[in-house]
Amino acid sequence: GSRLAVEGIAEGVWDIWVVDLERGSKTLVTTHREGGLPTWGPNDGSVTFYSKPETGPWRLWWKRADATGHAEVGFTDDRGLVESDWSSDYRWLVASTQSGKGNQGDILGWRVGEDTMRTLVATDAWERAPTLSPGGRFRAYVSDESGEDHVSLRPVPNVGDWKQQVSVEPGGEPVWAPNGEELFYRKGVSGDLVAVQIAPRDSFPAAGEEVLFWTGEYWSGGWQHPGYDVAPDGQRFLLMRRRSEDWYSAEGRVIQILNW
């Protein structure tokens with residue numbers, strides 16, 4: 001919980017930085033790769049991110065978080081790969097595509113040891129923002145299948161066994177609590193951050209929800225990717241306060257919210 005992987009823009013190009021929250025230093029991990037949406041890879045020793053090569057679709061790459069060595073291509077797909085997430089035991093990687101069935105994004109998954117990624121969800125709706133629960137039993141994601149964006153849950157790997165809509169009102173940006181007992185998301189209209197209780201059962205685990213605090217003044221990932229994160233102790237949130245009305249402005253500062 002002492003380092004933060006973020007994306008930032010300089011000279012019109014997005015790159016990945018790792019910020020030391022204790023010392024305040026930052027390390028440039030990528031250089032002019034025009035990508036982003038970093039997530040920590042195995043053992044927190046690497047960062048997984050998406051980037052576009054000179055030709056071809058967006059790809060998933062990984063590189064050491066200390067910026068040594070070269071970035072390596074992790075996976076490619078004709079639909080283009082963007083945001084991704086690792087399970088806490090690093091046995092599963094999930095990712096969303098730029099395009100897919102119905103010309104919308106689909107969700108793919110890779111189990112360590114297998115040769116290729118498998119399709120987990122592919123409908124005419126736009127599925128994105130996949131995130132795996134600690135231990136990898138459930139996958140939360142955002143879909144506009146109902147005509148509005150909602151957060152839903154499915155089991156892993158048998159995603160067709162059941163599906164549970166988690167958000168009562170339209171929402172997005174799902175993030176798991178480190179202990180797997182809560183799932184957080186942002187309400188779309190109000191901007192409230194909500195905590196959903198996850199019951200210890202194998203199917204339809206989402207239970208009651210509680211509004212924690214308002215996040216309207218903080219940067220949002222636009223429901224494509226969470227614009228906030230939860231510390232490993234589950235008691236602190238990291239958000240970026242906007243200094244501009246432009247949602248994609250690079251100007252901002254990291255805020256810790258404590259004792260929520």
Side-chain angles (χ1 to χ4, degrees), residues 1 4 6 37 39-40 83-88 94 96 105 107 121 125-156 159 162-242 247 252 254-260:
L4 179 68
V6 297
L37 303 184
T39 185
W40 288 105
E83 56 192 339
S84 60
D85 185 50
W86 285 91
S87 61
S88 59
V94 291
S96 62
I107 295 178
V121 180
W126 182 21
E127 293 102 10
R128 71 270 195 201
T131 179
L132 291 163
S133 66
R137 293 176 60 207
F138 306 120
R139 177 180 51 76
Y141 65 103
V142 178
S143 173
D144 63 358
E145 184 177 13
S146 67
E148 296 179 303
D149 285 319
H150 278 281
V151 177
S152 293
L153 281 177
R154 287 181 185 261
V156 175
V159 295
W162 54 266
K163 180 183 72 173
Q164 183 181 20
Q165 181 177 303
V166 174
S167 53
V168 177
E169 300 177 21
E173 299 182 66
V175 173
W176 288 95
N179 61 10
E181 296 177 1
E182 291 179 301
L183 176 65
F184 306 105
Y185 74 91
R186 268 176 165 166
K187 286 187 176 182
V189 177
S190 65
D192 290 332
L193 189 70
V194 178
V196 178
Q197 300 299 314
I198 302 298
R201 50 181 180 250
D202 294 332
S203 61
F204 303 97
E209 69 174 40
E210 175 188 4
V211 173
L212 299 180
F213 51 85
W214 181 67
T215 65
E217 62 181 315
Y218 299 104
W219 186 83
S220 168
W223 300 8
Q224 175 73 7
H225 191 76
Y228 67 98
D229 203 359
V230 186
D233 61 9
Q235 298 300 308
R236 294 171 294 162
F237 285 90
L238 286 172
L239 305 98
M240 181 172 287
R241 175 169 286 158
R242 292 185 293 142
W247 281 106
V254 174
I255 304 293
Q256 289 193 57
I257 293 184
L258 309 174
N259 302 321
W260 50 271

The reported gap from NE2 in His225 to CG in Leu37 (rounded to nearest 0.5 angstrom) is 5.0 Å
Of the non-hydrogen atoms in Val196 and Ala206, which two are nearest, and what is the gap between them?
CG1-CB, 4.0 Å
With rounding to the nearest 0.5 Å, note down the distance linking OG in Ser152 to CD in Glu127.
9.5 Å
Measure the shortest side-chain to side-chain distance between Val175 and Tyr185 over non-hydrogen atoms and say whether it is less than 4.5 angstrom.
no
I'd like to know if the side chain of Ser87 reaches the main chain of Gly136, judged simply by a donor and an acceptor atom lying under 3.5 Å from each other, with no hydrogens or angles considered.
no
If you round to the nearest 0.5 Å, how far is OG1 of Thr131 from CG of Asp85?
4.0 Å
Considering non-hydrogen atoms only, spot the tightest contact between Pro134 and Pro178 and give its length.
CG-O, 3.3 Å
Can you tell me how far CE of Met240 sits from OG1 of Thr215, rounded to the nearest 0.5 angstrom?
14.5 Å
Reported CD-to-CG distance for the pair Glu210 and Leu193, which is rounded to 0.5 angstrom:
10.5 Å
Does Arg139 qualify as a cation-pi partner of Tyr141, given the criterion of NZ or CZ under 6.0 Å from the six-membered ring centre and within 45 degrees of its axis?
yes
For the CZ atom of Arg137 and the OG atom of Ser203, what is their distance to the nearest 0.5 Å?
9.5 Å
In chain order, what residues pass the side-chain hydrogen bond (donor to acceptor under 3.5 Å, both in side chains) check against Gln165, with sequence neighbours excluded?
His150
Are Phe237 and Phe213, when compared by the centres of their aromatic rings, separated by less than 6.0 Å?
yes
Check whether any side-chain heavy atom of Phe138 sits under 4.5 Å from a side-chain heavy atom of Pro205, and report yes or no.
yes
Do side-chain atoms of Trp162 reach the backbone of Arg154 as a donor and acceptor pair under 3.5 angstrom?
no
Heavy atoms of Ser167 and Val151 approach each other most closely as OG-N, 2.9 Å
Identify the heavy atoms of Pro174 and Ala129 that sit nearest to each other, and give their distance.
CG-O, 3.7 Å
Side chains of Leu212 and Val194 in contact at under 4.5 Å (non-hydrogen atoms):
no
Side-chain heavy-atom pair Leu153, Ile198 within 4.5 angstrom cut-off
yes
Show the numbers, then the answer: is there a side-chain contact (heavy atoms from CB on, under 4.5 Å) between Lys163 and Val121?
CA-CA 11 Å; Lys163 180 183 72 173; Val121 180; over 6 Å; no
Does the Glu83 side chain pair with the main chain of Arg128, one donor and one acceptor, at a distance under 3.5 Å?
no
Using a 4.5 Å cut-off on heavy atoms from C-beta on, say whether the side chain of Trp86 contacts that of Leu132.
no
Can a donor-acceptor pair be found between the side chains of Arg186 and Tyr228 at a distance below 3.5 Å?
no
Ser84 side chain to Val94 backbone, donor-acceptor under 3.5 Å
no
For Gln197, side-chain hydrogen bond (donor to acceptor under 3.5 Å, both in side chains) partners two or more places apart:
Glu182
Is there side-chain contact between Asp149 and Ser143, with at least one heavy-atom pair below 4.5 Å?
no
Any sub-3.5 Å donor-acceptor pair from Asp144's side-chain atoms to Trp126's backbone N or O?
yes
